[in-house]
Amino acid sequence: KELIEAKNIWKIYGGGEAKTVVLRGINLKIKEGEFVAIMGPSGCGKSTLLNILGLLDVPNKGMVYIKGKKTTMFSENDRAVFRRKISGFIFQQFNLINTLTALENVELPLVLDEKNKNYRIKKAKKLLKIINLGHRENYYPNQLSGGQQQRVAIARALSNNPKIIFADEPTGNLDSKNSREVMDILKELNEKEGITVIMVTHEPEFAKYASRIINMKDGEIVEH
Ligand code: ADP
Ligand code: ADP
């Protein structure tokens, strides 16, 4: 089944002399349960495309469909529901809140979702166990290694039981051992939980974890 379809997506910044055409007519279909890697050199438009597929950004032209529905018909609330309840986002910068413990960081989306305290704590503890950080739940981000921080960010992304994970260079700040750990977790979530993973990377070694690789160059898809 088609989960996300992008038809003729263009993204253009600025105008006149400063005009930058970042995406040039992207066409793409992603099925439920796929693990897709988007590859290509720095500046070719990978993050921009991922942000558009994840409804964090809008194209200047073209259409994104979610399960066949035109996302231009989505209300602001529909878009927020898609981002907060259907998707989980992971970035190169872990974006954890430094004044909150690992447990509190994972709990936070559930606080915003007005889930009760018992549920939140139980869920956050369970997720920290899954990513092998049960023993670090009361540590603050600056007391954790980069790899551990990224795993906390993954747990946080999982708190709302997402159907899709959008990952933008999730290993960009990690050494190879920690990178492999993060990739193993994404692979397992894809294979065991059936979560669709859409990941941007410029590292061929990590793109291999995906079931499909999309290569981009200068705002276009050059090879599937
Ligand atoms: P990649 O993820 O492949 O490195 P990006 O999607 O981050 O590429 O960026 C593609 C191009 O778009 C770059 O040249 C970048 O400078 C430009 N770009 C990205 N965001 C903006 C923006 N908000 N305003 C202007 N240019 C931007
Ligand atoms: P990446 O590591 O994915 O290539 P960048 O460092 O290019 O990311 O971009 C980081 C953020 O800055 C993004 O949100 C992007 O939209 C924004 N950005 C990138 N290039 C520009 C630009 N030329 N003008 C304005 N914003 C930009």
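Indexing begins at 1, ligand by ligand and atom by atom, following the structure's order.
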Looking at K46, which atoms of ligand 1 are within less than 4.0 Å of one of its heavy atoms?
1 (P), 2 (O), 3 (O), 4 (O), 6 (O), 8 (O)
Ligand 1 to S47 polar contact by distance, N or O atoms, under 3.5 Å
yes
Rounded to the nearest 0.5 Å, the CG atom of L23 sits from the OG1 atom of T20 at a distance of 11.5 Å
Distance check, rounded to the nearest 0.5 Å: S159 atom OG versus Y119 atom OH?
8.0 Å
Do any nitrogen or oxygen atoms of V22 come within less than 3.5 Å of a nitrogen or oxygen of ligand 1?
no
Is P41 close enough to touch ligand 1? Criterion: a residue heavy atom under 4.0 Å from a ligand atom.
yes
When you measure from the heavy atoms of G43 to every atom of ligand 1, does any distance fall below 4.0 Å?
yes
Whether over 12 other heavy atoms sit under 6.0 Å from K187 NZ:
yes
Do F91 and I52 belong to the same hydrophobic cluster, where Ile, Leu, Val, Met, Phe, Trp and Tyr are linked whenever their side-chain heavy atoms lie under 4.5 Å apart, directly or via other members?
yes
Quick one: side chains of residues 81-88, donor-acceptor pairs under 3.5 Å with protein atoms, not counting sequence neighbours, listed by atom name and distance.
unit_1 : atom_1 : unit_2 : atom_2 : d
R83    : NH1    : L55    : O      : 2.8
R83    : NH2    : E76    : OE2    : 3.4
R84    : NH2    : D113   : OD1    : 3.1
K85    : NZ     : D113   : OD1    : 3.4
S87    : OG     : F82    : O      : 2.8

Those atoms of ligand 1 less than 4.0 Å from some heavy atom in T48:
5 (P), 6 (O), 9 (O)
